Amino acid sequence: MVLGLVACEPDRTCRQDTEVEATVVLKCYHFDTLDVAKTEETWDSITVQGVGSDSVLYQNRKGVKHVYLPLREDTTVTAFRMTWQGKTETLYIRHDNTQRFVSMACGCVIYHQIEQVWTDKVWADSVTILNTGVEAAEQDNICIYATKRDEKL
Amino acid sequence: MRRVLGIVIVLVAALSAYADEPVDTLVAKQDTLQVLVGDSAGVMVLADTIVEVDAPAVKQDTVEEKGNILTGQYERLKDGTRIYADTVIYQGMNLKLDLATTILEAAISKGNILSFEAAWNIRLKQRYYPTLEGGYVNAKASADGGVQESEGGFIRVGLDINGLKKHPERLNAAMVGIRIGTGLTNYDLLGVELNDSYWGKGKKVDFMNQFRADCWGEVVAGCQVQVWEGFQMGWYVRFKILFTRTAKDGQVMPYYIPGFGYRDETNWGVNYYIGYKF
């Protein structure tokens, strides 16, 4: 019992979610062959890769409603290549970084404040900031507006 | 004549009764007796006068010295024991060294945590024990997210209450009490993991020369037993509640807090003391 009391120590292994990522949503105006528009909020197929990284975040992923993008802690601009409908767009996010210590088991996480977003306007019509704070609580941060037209017969 | 004889008989009986009492009631320096006497008809009634009797504290041939320490009258017996009336406020002090924390922490952490702790308390009115505890800790504590190397000190102040019946000679005590403690830590956090799995895989950072003060409260229970010639031993079990649970934005916090243990909302502790009564 004595050993148990004195040896009492918290968990050495982190058991909480430490992923901090910006959440990107799509708002797509889909015009059919009769030029009737309906709004879509799901990427039918998307590939995403960080500029400067060899790892692909999403590889031709179907039916994606949210894209979660990890921002860099060593710089204030993070860029991602997003391929959709066969075209590749680059999304740029300017942000600042704040290091937060969670615990000895979990280490540190980096929180961000988004200051500015822009694209090369390949397939994206515009991009806006919904919420600037990228923290532990998940919330939509960026919205990409796009247009998709079905070819007329 | 019968009246005087009655008084004398009652006085002798009273003094005889005092002589047979245990020592703790003998320490009364002066007691007031109401005396029963027989009247002319042989009926026992309360005497008209109050008789004051000086009751001997102890047998005079066992008393070596009389005096006072700060505020209290005492008598020292030839065996060295000091006897206090329970009305005397200050009744001595105890200095104690903790063995349990030192040995167990070092054993369990495989020598990574060296902890030394001492306690001092004073005995008030055979019931209350204001207590001051302090110590030093040198710790190397590790978890998956990094390693803490630190040294620091702590102080706890509080009050124990003895639940045993008051007794001037028997200094044993079964105590419950409360403490408030503060621990000061100088520490380095080394190899703290940055949770940036995409961009900075395996990236770690160090936080050097950090300082933090933490504060907590405790509920304690334990005992203090006289073993030989003023030497004593005893143990405590402690339940600790950390008050300082958060940090300012971005500030790191030590994983191990001197006097509290591993950082958590609550914690337990055990002490095994050896000490000496002054």
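Lettering follows sequence order; numbering is per chain, from 1. Source: prediction; values computed, not measured. Reckoned from all heavy atoms, side chains included, excluding hydrogens, waters and symmetry mates.
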**Student:** Highest number of heavy-atom pairs under 4.5 Å with chain B: which of A:Asp74, A:Val20, A:Leu71?
**Tutor:**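 With the most close heavy-atom pairs to chain B, the winner is A:Leu71.
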
**Student:** Counting N and O atoms only, with roles assigned by atom type, does the side chain of B:Tyr198 sit under 3.5 Å from a partner on the main chain of A:Ser55, one being a donor and the other an acceptor?
**Tutor:**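 Confirmed, B:Tyr198 side chain pairs with A:Ser55 backbone.
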
**Student:** Given heavy-atom pairs under 4.5 angstrom as the criterion, report whether the side chain, backbone, both or neither of A:Glu21 touches chain B.
**Tutor:**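 Neither part, no heavy atoms under 4.5 Å.
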
**Student:** Whether the side chain of B:Asn195 engages the backbone of A:Thr18 through a donor-acceptor N/O pair (distance < 3.5 Å, no angle test) should be reported.
**Tutor:**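 No; judged by distance alone, with no hydrogens or angles, the pair does not exist.
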
**Student:** CD of A:Glu73 to NZ of B:Lys203: how many Å apart, nearest 0.5 Å?
**Tutor:**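 Rounded to the nearest 0.5 Å, the CD-NZ separation comes out at 3.5 Å.
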
**Student:** Looking at A:Tyr68, I'd like to know if its OH atom is crowded, meaning that more than 12 non-hydrogen atoms belonging to other residues, nucleotides or ligands lie closer than 6.0 Å.
**Tutor:**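 Yes, enclosed.
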
**Student:** Counting only heavy atoms closer than 4.5 Å, note whether A:Thr78 contacts chain B via side chain, backbone, both or neither.
**Tutor:**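 For A:Thr78, side-chain heavy atoms alone lie under 4.5 Å from chain B.
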
**Student:** Using a 4.5 Å cut-off on heavy atoms from C-beta on, say whether the side chain of A:Met104 contacts that of B:Gln148.
**Tutor:**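 The answer is yes; the side chains approach within 4.5 Å.
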
**Student:** Using a cut-off of under 4.5 Å on heavy-atom pairs, state which of A:Val109, A:Ile110, A:Leu57 scores highest against chain B.
**Tutor:**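 Of the candidates given, the most pairs with chain B belong to A:Leu57.
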
**Student:** What heavy-atom pair brings A:Ser53 and B:Trp199 nearest, and what distance separates the two atoms?
**Tutor:**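 Closest approach of A:Ser53 to B:Trp199, heavy atoms only: CB-CZ3, 3.8 Å.
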
**Student:** Above 12 or not: heavy atoms from other molecules or residues under 6.0 Å from CG of B:Leu114?
**Tutor:**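 Counting neighbours around CG of B:Leu114, more than 12 heavy atoms of other residues, nucleotides or ligands fall under 6.0 Å, so yes.
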
**Student:** With a sphere of 6.0 Å drawn around CZ of B:Arg212, does it hold more than 12 non-hydrogen atoms of other residues, nucleotides or ligands?
**Tutor:**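 Enclosed: over 12 neighbouring heavy atoms sit under 6.0 Å from CZ of B:Arg212.
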
**Student:** Would one find more than 12 heavy atoms of other residues, nucleotides or ligands at under 6.0 Å from atom NZ of A:Lys121?
**Tutor:**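 It does not: A:Lys121 NZ has 12 such atoms or fewer within range.
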
**Student:** Taking only residues two or more places apart in sequence or in another chain, which ones pass side chain to side chain contact (heavy atoms under 4.5 Å, CB included) with A:Arg94?
**Tutor:**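 A:Arg94 satisfies side chain to side chain contact (heavy atoms under 4.5 Å, CB included) with A:Val77, A:Glu115, A:Gln116, A:Trp118 once adjacent residues are dropped.
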
**Student:** Check the pair A:Gln99, B:Phe207 against side chain to side chain contact (heavy atoms under 4.5 Å, CB included), reporting the backbone distance first and the verdict last.
**Tutor:** CA-CA 12 Å; A:Gln99 192 170 269; B:Phe207 298 90; 3.0 Å; yes

**Student:** Going by the rule salt bridge (charged side-chain N to carboxylate O under 4.0 Å, His left out), which residues pair with A:Lys27 if we only count those two or more places apart in sequence or in a different chain?
**Tutor:**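 Once residues adjacent in sequence are excluded, the partners of A:Lys27 under the salt bridge (charged side-chain N to carboxylate O under 4.0 Å, His left out) criterion are A:Glu41.
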
**Student:** If you count every heavy atom of other residues, nucleotides or ligands that lies below 6.0 Å from B:Leu124 atom CG, does the total exceed 12?
**Tutor:**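 Yes, enclosed.
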
